[in-house]
Amino acid sequence: MEQLGDVCPVSGTTPWQRNCATIKTTMKDGALFEKGERMADRPFLTDIQALRARARQHIEQGAVTAGYRGDRETVIRLLNEALATEIVCVLRYKRHYFMASGINAQSVAQEFLQHATEEQLHADQIAQRIVQLGGAPNFSPDGLMTRSHSEYMEGTSLLDMIKEDLVAERIAIDSYRDMITYFGNDDPTTRRLMESILAMEEEHADDLVSLLEDLGA
């Protein structure tokens, strides 16, 4: 295909000339060109030399480059709240696993244990992301319940335990959705991490609802 600048007159009054004068772009090999412009005239979107130079600046910041658009302090604070939420969930599920008793206890206890294991994985993933952002994951027991969005409710019966776990999962689901909305496109890596964790929390909630149905609750 010819370049538009090669065939289109600069000016004129005929319909073709007038139409040409209003055309700004044409397609060639799937790429968009300005009038009279060739592929060789267009710079690559990223200046490789500038990219390399930026990468050598502030290398102590690791994964956080100049292109990071999030409010890092706020993101780290929110992630530490999510970390506390996951830790509390691990502790609650572990207690429920060991304390489960009754005719249906064995199968329910295994569900508790699986959830505890998955919540621990979430905690590890969140902690790793905090470090990548140049922060410090807060594992301190001091203030853990204040940072956590979910509560540590022990429950007295198997049915109570399931209900308390379900309430906690619903709290986590809502809070993580809010975080995901906040991160948006400013921090897509953290957003995707929390989206994957949210999906697992939703599965946990569905599992607990199924357990309640099985127990006739």
query = Is there side-chain contact between Thr117 and Tyr93, with heavy atoms separated by less than 4.5 Å?
reply = no
ask   = Nearest heavy-atom pair of Asn185 and Pro188: which atoms, and what distance?
value = O-CD, 3.5 Å
query = Say you draw a straight line from CG of Leu78 to OH of Tyr176; how long is it, rounded to the nearest 0.5 Å?
reply = 11.0 Å
ask   = Which pair of non-hydrogen atoms, one from Lys163 and one from Leu212, has the smallest distance, and what is that distance?
value = CG-CD2, 4.0 Å
Short side-chain donor-acceptor distance under 3.5 Å, Asp124 and Gln128 = no
request  = Heavy atoms only: give me the nearest His149-Thr85 pair and the separation to one decimal.
outcome  = N-OG1, 2.9 Å
request  = Take Glu73 and Arg77, measure what salt bridge (charged side-chain N to carboxylate O under 4.0 Å, His left out) needs, and give me the verdict at the end.
outcome  = CA-CA 6 Å; Glu73 182 178 344; Arg77 176 178 61 80; over 6 Å; no
note = On a heavy-atom basis, the closest approach of Ala82 and Met194 is CB-CE, 4.1 Å
Partners passing ring pair (Phe, Tyr, Trp, His ring centres under 6.0 Å) against Phe112 (at least two apart in sequence or in another chain) = His96
request  = Only counting residues at least two apart or in another chain, list the ones meeting side chain to side chain donor-acceptor pair (under 3.5 Å) with Asp142.
outcome  = none
query = Mind checking whether Ile173 and Leu79 sit in one hydrophobic cluster, side chains of I, L, V, M, F, W, Y counted as touching below 4.5 Å?
reply = yes
query = Linking I/L/V/M/F/W/Y whenever their side-chain heavy atoms sit closer than 4.5 Å, directly or via other members, would Ile171 and Leu198 fall into one cluster?
reply = no
request  = Calculate, to the nearest 0.5 Å, the distance between atoms OG and CD belonging to Ser175 and Glu81 respectively.
outcome  = 9.0 Å
query = Should Glu201 and Arg177 be marked as a salt bridge (charged side-chain N to carboxylate O under 4.0 Å, His left out) after you check the CA-CA gap, both sets of side-chain angles, and the distance that decides it?
reply = CA-CA 11 Å; Glu201 304 298 0; Arg177 280 177 180 158; over 6 Å; no
request  = Quick one: pull up CD in Glu154 and CG in Leu91 and give me the separation to the nearest 0.5 Å.
outcome  = 11.0 Å
Sequence-distant partners of His122, ring pair (Phe, Tyr, Trp, His ring centres under 6.0 Å), two or more places apart = none
query = Are Ile103 and Tyr97 connected in a single hydrophobic cluster, I mean Ile/Leu/Val/Met/Phe/Trp/Tyr linked by side-chain heavy atoms less than 4.5 Å apart?
reply = no
Atom pair CD1/CD of Ile162 and Glu164 - distance to nearest 0.5 Å = 11.5 Å
Nearest atoms (heavy-atom pairs only) where Asn138 meets Asn80 = N-OD1, 2.7 Å
query = Taking everything shown except Met99 itself, do over 12 heavy atoms lie less than 6.0 Å from its CE?
reply = no
inquiry  = Can you tell me how far apart CD1 (Ile180) and CG (Asp187) are? Round to the nearest 0.5 Å.
reply    = 12.0 Å
message = Membership question, hydrophobic clusters at under 4.5 Å side-chain separation (ILVMFWY): are Leu166 and Leu159 in the same one?
response = yes
note = Between the CE atom in Met161 and the CD atom in Glu111, the distance rounded to the nearest 0.5 Å is 15.0 Å
task = Take Glu118 and Gln114, measure what side-chain hydrogen bond (donor to acceptor under 3.5 Å, both in side chains) needs, and give me the verdict at the end.
result = CA-CA 6 Å; Glu118 291 167 346; Gln114 180 180 343; 3.2 Å; yes
inquiry  = Between Leu133 and Tyr182, is there shared hydrophobic-cluster membership here, with clusters defined by ILVMFWY side-chain heavy atoms closer than 4.5 Å?
reply    = yes
message = Quick check against the 3.5 Å criterion: does Ser150 have a side-chain atom that pairs as donor or acceptor with the backbone of Ala172?
response = no
note = Minimal heavy-atom distance between Pro137 and Val131, with the atoms involved, is CD-CG2, 3.7 Å
Partner of Asp165 under side-chain hydrogen bond (donor to acceptor under 3.5 Å, both in side chains), chosen from Arg92, His204, His115, Arg170 = Arg92
request  = Could you check Ile197 against Ile126 for side-chain contact (heavy atoms from CB on, under 4.5 Å), going step by step and ending with a plain yes or no?
outcome  = CA-CA 9 Å; Ile197 293 175; Ile126 292 169; 3.7 Å; yes
message = Using side-chain heavy atoms (C-beta onward) and a distance below 4.5 Å, is Leu113 in contact with Lys94?
response = yes
